[in-house]
Amino acid sequence: QIGGPTGAFVVILYEIMQNYGYDGLCVAGIMAGFILILFGFLKLGNVIKFIPYPVVVGFTSGIAVVIFSTQIKDFFGLNIEKVPGDFIGKWDSYITNFNSVNWQALLIGLLSLLIIIYWPRINRKLPGSIIAILVATLLVSLLDLNVPTIESHFGSIPSSLPKPQLPHISFELIRNMFSPAFTIAMLAAIEALLSAVVADGMIGEKHKSNTELIGQGVANIVSPLFGGIPVTGAIARTATNIKNGGRTPIAGIVHAITLLLIMLLLGPWAKLIPMSTLAAILIMVAYNMSEHHI
């Protein structure tokens, strides 16, 4: 299972940031981490066994639809300044602005999608998504195509980790964060354990629910110390991991180390990756998650 921030947290975290600032968000994340560890020691993770399979399939398919809907803007290179947060609003915005399609971005996205689909026929050991990123980045850079990239979308990638720092903590802030922290912990627990169940179904294994909760708790305690936000097991990243050959916890460790190395060593090149290529990868992930065979 691959952990990280997920879309399910956005509404809660945005409200905390608006009302209490980043210090409040850090305190809520750390408190949520301790609550998750408590859940694990109380063996509350076993409750996941009682969630019906259709609920898991519905949850996974719903996440797939959400992932797909968030990638339309980048895949088609639509000129939309701010995409609405709600599902209906997104598609209304896409339809309204569809005349602003960036054909170069669309072609790069289609090429990336074709590479991801057909590369396994050539080599199954090297993920097609990696090949798609390399080919698309080279084409966009060498041909100087008008395609949005990570740099144009988000700016430069930092080349170092922030120093660990404790947030400003007060008894009043802790008291105010009890409810948000519990909400974050519950959401993180549910999403992480459902993600683990989905992963079990994909690889034919059985996870340890209570250990997962303790692990997520530790992650949420440490993350805010380095400027991070609350995290959980991410279904999209976990599915991508499994589809590209990940089978053991070592894959999660390699994922984290790879991200660290990209940030420290490859930032100047990683920022050149086209957004339409990343969108193609996530569209393929959504398709694989959609349980279309049922």
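We number each residue from 1, following the sequence as shown. Nothing here was measured: the structure is a model prediction, and the numbers come from that model.
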Using the side-chain hydrogen bond (donor to acceptor under 3.5 Å, both in side chains) rule, collect all pairs that involve residues 25-44, keeping only residues at least two apart or in two chains.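 Sorted result for residues 25-44: empty, none.
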What residue among Cys26, Pro5, Ser223, Pro224 forms side chain to side chain contact (heavy atoms under 4.5 Å, CB included) with Ile229?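 That would be Pro5; it is the only one of Cys26, Pro5, Ser223, Pro224 passing the side chain to side chain contact (heavy atoms under 4.5 Å, CB included) with Ile229.
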Which residue is it: Ile108, Asn79, Asp74, Asn102? I am looking for the one with a side chain to side chain contact (heavy atoms under 4.5 Å, CB included) to Pro148.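 Of all the options given, the one that passes is Asn102.
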Under 3.5 Å, is there a donor-acceptor pair between the side chain of [X] and the main chain of [Y]?
X	Y	answer
Tyr94	Ser69	yes
Ser141	Leu138	no
Thr238	Ile2	yes
Ser195	Glu191	no
Arg247	Ile203	no
Thr149	Leu272	no
Thr96	Asp92	yes
Thr70	Ile67	yes
Asn220	Ala32	no

Does the side chain of His207 come under 3.5 Å of the side chain of Ser209 through a donor N or O and an acceptor N or O?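 Ser209 and His207 do have a side-chain donor-acceptor pair below 3.5 Å.
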Just wondering, are more than 12 heavy atoms of other shown residues or ligands nearer than 6.0 Å to OH in Tyr22?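 For Tyr22, atom OH is crowded (more than 12 foreign heavy atoms under 6.0 Å).
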Is the number of heavy atoms from other residues, nucleotides or ligands within 6.0 Å of NE2 (His153) greater than 12?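 Correct, the count exceeds 12.
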Sequence-distant partners of Thr277, side-chain hydrogen bond (donor to acceptor under 3.5 Å, both in side chains), two or more places apart: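 Here the qualifying residues are Ser112.
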